Amino acid sequence: EPEVTQTPSHQVTQMGQEVILHCVPISNHLYFYWYRQILGQKVEFLVSFYNNEISEKSEIFDDQFSVERPDGSNFTLKIRSTKLEDSAMYFCASSEALPGDSNQPQHFGDGTRLSIL
Amino acid sequence: AQKVTQAQTEISVVEKEDVTLDCVYETRDTTYYLFWYKQPPSGELVFLIRRNSFDEQNEISGRYSWNFQKSTSSFNFTITASQVVDSAVYFCALSDNYGQNFVFGPGTRLSVLP
């Protein structure tokens, strides 16, 4: 079964550095998402992306964050000037269509654990 | 604003017991979707079910069943004859009709003891 793949599984970065998290969504999917889960807390929506542009973003997704689909297969989340509080598990997800259009839910990757030192 | 409440922070049961995880949601939308996800200790999110707001039929899938009651804005999840492998954090989630504004509840940590 096709999967959403996220790399690396664990990223350790010094505070203030930039980090890029990588995701390869399922190939025929059109909608892409990033979520964040701070340790022990709930999963929080960051951003959704469709047709090469952001379709929705949360309050968390400020100017420090950006997303890109550079080559038609990867979907990246860039965090500039990282802070200690950016330490979290970051999940990428993709879906074939919107929930109203099909029976396909969002498929999640296994996550990237980001540790800011 | 959309909100999902899972009042049970942690539940412990002994294997083979039935357990119900509660989920209460708030939304002003007339069309919305409800979800349950499982997060085992390994950390990944595993999709369990999606339910459209117009479909109030209860669903059963093996040992899992879901009770959607629009009148009480609840979407509860029951595991029958629980097993140790069911130990995980379970998240209820809500999205609008367009799959946007995806909101997760705080999760319920289920521990099934042998």
Side-chain angles (χ1 to χ4, degrees), chain A residues 1-6 9-10 23 26 29-51 53-61 88-115, chain B residues 1-10 21 23-25 27 29-55 57 59 61 66 75 88-109 111:
Chain A
E1 186 177 325
E3 293 181 343
V4 175
T5 306
Q6 289 186 244
S9 56
H10 191 189
C23 171
I26 295 173
H29 285 190
L30 302 175
Y31 297 83
F32 314 109
Y33 312 84
W34 281 102
Y35 294 84
R36 171 182 92 173
Q37 185 182 29
I38 295 171
L39 186 63
Q41 297 186 24
K42 68 179 179 181
V43 179
E44 300 170 294
F45 169 76
L46 292 178
V47 65
S48 59
F49 191 86
Y50 170 70
N51 200 26
E53 61 182 26
I54 291 173
S55 51
E56 190 86 18
K57 61 181 181 179
S58 70
E59 293 176 352
I60 302 168
F61 195 89
M89 180 77 93
Y90 288 81
F91 289 100
C92 173
S94 69
S95 61
E96 187 174 8
L98 294 171
D101 295 340
S102 82
N103 242 345
Q104 294 301 316
Q106 294 182 16
H107 294 258
F108 283 80
D110 288 346
T112 292
R113 182 169 298 284
L114 177 63
S115 299
Chain B
Q2 315 233 109
K3 184 179 177 182
V4 176
T5 302
Q6 294 178 256
Q8 305 146 309
T9 307
E10 292 193 36
L21 310 181
C23 172
V24 173
Y25 62 92
T27 179
D29 295 337
T30 52
T31 304
Y32 51 89
Y33 291 83
L34 295 161
F35 305 79
W36 275 95
Y37 287 86
K38 174 182 179 180
Q39 187 176 43
S42 47
E44 72 273 23
L45 283 170
V46 179
F47 167 81
L48 296 178
I49 190 171
R50 181 196 79 142
R51 173 62 76 221
N52 179 304
S53 56
F54 291 112
D55 183 1
Q57 273 193 333
E59 176 143 349
S61 175
W66 291 269
F75 186 44
V89 180
Y90 290 85
F91 291 98
C92 181
L94 167 70
S95 80
D96 65 21
N97 184 40
Y98 303 99
Q100 310 295 343
N101 296 315
F102 210 97
V103 175
F104 280 79
T108 296
R109 181 176 299 278
S111 299

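Side chains are part of it too, since the values below use all heavy atoms of this structure and drop only hydrogens, waters and symmetry mates. For clarity, every value in this text was computed on a predicted model and none was experimentally measured.
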Heavy atoms of A:Lys42 and B:Phe104 approach each other most closely as CD-O, 3.4 Å
Which value, rounded to the nearest 0.5 Å, describes the distance between A:Phe108 atom CZ and B:Gln39 atom CD? 10.0 Å
Look at atom CZ of B:Arg109 and say whether more than 12 heavy atoms of other residues, nucleotides or ligands are closer to it than 6.0 Å. no
Any chance NZ of A:Lys57 has more than 12 other-residue heavy atoms, nucleotides or ligands included, within less than 6.0 Å? no
Using a cut-off of under 4.5 Å on heavy-atom pairs, state which of B:Gly107, B:Pro106, B:Ser42 scores highest against chain A. B:Pro106
What part of A:Gln37 lies closer than 4.5 angstrom to a heavy atom of chain B: side chain, backbone, both or neither? side chain
